[in-house]
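Nothing here was measured: the structure is a model prediction, and the numbers come from that model.
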Amino acid sequence: MEPSQVAIIGSGLIGRSWAMVFAAGGFKVKLYDIAQQQLTNALENIRKQMKELEESGFLKGALSAEQQLALISICTDLKAAVEGATFIQECTPENLELKKKIFERTYALMKKIGQSPVKLNREIEGFVLNRLQYAVISEAWRLVGEGLISPTDLDLVMSDGLGMRYAFIGPLETMHLNAEGISNYCERYREGMRLVLNTFGPVPEFSGEIEQKISQAMSEKIPVVPKVLDARRKWRDECLTGLAKLKKQMKSD
């Protein structure tokens, strides 16, 4: 499998350190800076550090220093640096105007190459996507744990129900369209939503009997055997690719 690609914006001390961390994890790294000589020096510095760490037995990861170095490339073109990246790490100097400029350029480039960048107004625990995902997983876990629905039926509610609309529009637009706008939706459904939300239990432990119950159900459907798991993942990825193509086609239409 081709390793995921990470873009590091800035090749100073912090940028070099992150490049080493990601390379140790087996990620392909594109290290970006505005000056070629700065990048050349950065790569040489990384090479020296990795060799020293390897000789002292402190090199992180399962790959050798040479294998990790082979994963790191340098680039003075920001567009080329972010293209294909699944994660972008900003490591520029502590200059607010410079950081704003980098974020604006990166945001525009990500949109240009077909990505969907978003902006956060402040830092929080976890990515927004993960927070939304954890909210769904948490309630799914509670519903199954309380014996209200089986694990396989729970997944069907999402894959054949809620998930279908969320592939095209988000929860807030869903509210907007399911009534005569957001205000009308809140007027009509706020009491019902609050009534249901107040029945939600505490954050699950994700362990014990419920974990075993869900694990058994999932294993019966998809045995925990490498070949079976890989085949299911391949099917999943093909479905996601087909969906991405459909969304792209619908946007162009």
Side-chain angles (χ1 to χ4, degrees), residues 1-9 22 26-30 32 71 73 75 77-90 101-121 124 126-140 151-186 188-189 193 218 221-222 226-253:
M1 183 186 295
E2 185 73 12
S4 296
Q5 183 172 296
V6 172
I8 307 291
I9 311 301
F22 282 113
F27 291 88
K28 292 180 69 175
V29 178
K30 280 191 178 180
Y32 165 83
L71 291 171
S73 59
C75 182
D77 182 349
L78 185 59
K79 181 180 179 181
V82 302
E83 196 160 13
T86 56
F87 182 79
I88 301 173
Q89 177 76 38
E90 179 269 318
K101 188 180 295 185
I102 287 291
F103 275 110
E104 287 169 2
R105 287 189 61 197
T106 305
Y107 186 88
L109 284 170
M110 293 300 287
K111 293 191 74 171
K112 190 173 182 179
I113 62 176
Q115 299 299 308
S116 302
V118 298
K119 296 178 182 178
L120 267 65
N121 297 319
I124 54 173
F127 298 115
V128 173
L129 185 149
N130 292 135
R131 292 176 71 93
L132 293 171
Q133 177 176 268
Y134 295 161
V136 172
I137 289 175
S138 182
E139 178 58 8
T152 50
D153 279 353
L154 186 287
D155 273 358
L156 275 176
V157 171
M158 178 59 72
S159 63
D160 289 5
L162 192 61
M164 294 185 70
R165 71 182 67 180
Y166 282 178
F168 294 92
I169 58 176
L172 301 181
E173 185 178 345
T174 296
M175 292 170 65
H176 195 65
L177 297 179
N178 282 356
E180 305 309 309
I182 289 288
S183 295
N184 182 254
Y185 187 96
C186 291
R188 292 162 63 178
Y189 301 115
M193 286 193 294
M218 292 297 100
K221 179 181 179 182
I222 309 163
K227 284 187 177 180
V228 178
L229 289 171
D230 286 343
R232 186 64 172 176
R233 291 179 185 126
K234 183 180 179 182
W235 171 84
R236 174 203 63 192
D237 292 346
E238 289 173 348
C239 290
L240 291 172
T241 299
L243 178 60
K245 288 180 179 177
L246 176 61
K247 291 184 72 173
K248 184 177 181 180
Q249 178 186 334
M250 293 182 72
K251 284 181 180 180
S252 62
D253 292 344

Is atom OH of Tyr107 surrounded by more than 12 heavy atoms (other residues, nucleotides or ligands) closer than 6.0 Å? yes
Which atom of Phe27 lies closest to which atom of Val6, heavy atoms considered: CD2-CG2, 3.9 Å
Would you sort out whether Ile222 and Val228 count as a side chain to side chain contact (heavy atoms under 4.5 Å, CB included), showing the intermediate values? CA-CA 7 Å; Ile222 309 163; Val228 178; 3.9 Å; yes
Salt bridge (charged side-chain N to carboxylate O under 4.0 Å, His left out) contacts in which one or both residues fall within residues 232-245, not counting sequence neighbours: Asp230-Arg233
So do Thr152 and Met218 actually touch side chain to side chain, heavy atoms under 4.5 Å? yes
Using modelled atom types and a 3.5 Å cut-off, is there a donor and acceptor pairing between side-chain atoms of Thr86 and backbone atoms of Gln5? yes
Gap between atom SG of Cys75 and atom CD1 of Ile9 - 0.5 Å precision: 8.5 Å
Nearest 0.5 Å please: distance from the CG atom of Leu109 over to the NZ atom of Lys79. 7.5 Å
Partners meeting side-chain contact (heavy atoms from CB on, under 4.5 Å) with Lys247 (sequence neighbours left out): Phe168, Leu243
Which pair of heavy atoms, one from Met175 and one from Tyr185, lies closest together, and at what distance? O-CD1, 3.2 Å
Could you tell me which non-hydrogen atom of Glu90 sits nearest to which non-hydrogen atom of Ile102, and how far apart they are? CG-CG2, 4.4 Å
Measure the CD1-CG distance between Ile182 and Leu177 for me, rounded to the nearest 0.5 Å. 9.0 Å
Tell me, do His176 and Ile169 make a side-chain contact under 4.5 Å, heavy atoms counted? no
Residues pairing under side-chain hydrogen bond (donor to acceptor under 3.5 Å, both in side chains) where one sits in residues 158-170, two or more places apart or in two chains, turn out to be none
Donor-acceptor contact below 3.5 Å, side chain Lys30 vs main chain Ala80: yes
Plane angle bin for Phe87 and Phe127 - parallel if under 30°, tilted between 30 and 60°, otherwise perpendicular: perpendicular
With side chain to side chain contact (heavy atoms under 4.5 Å, CB included) as the test, would you mind laying out the steps for Ile88 and Thr106 before giving the verdict? CA-CA 9 Å; Ile88 301 173; Thr106 305; 3.7 Å; yes
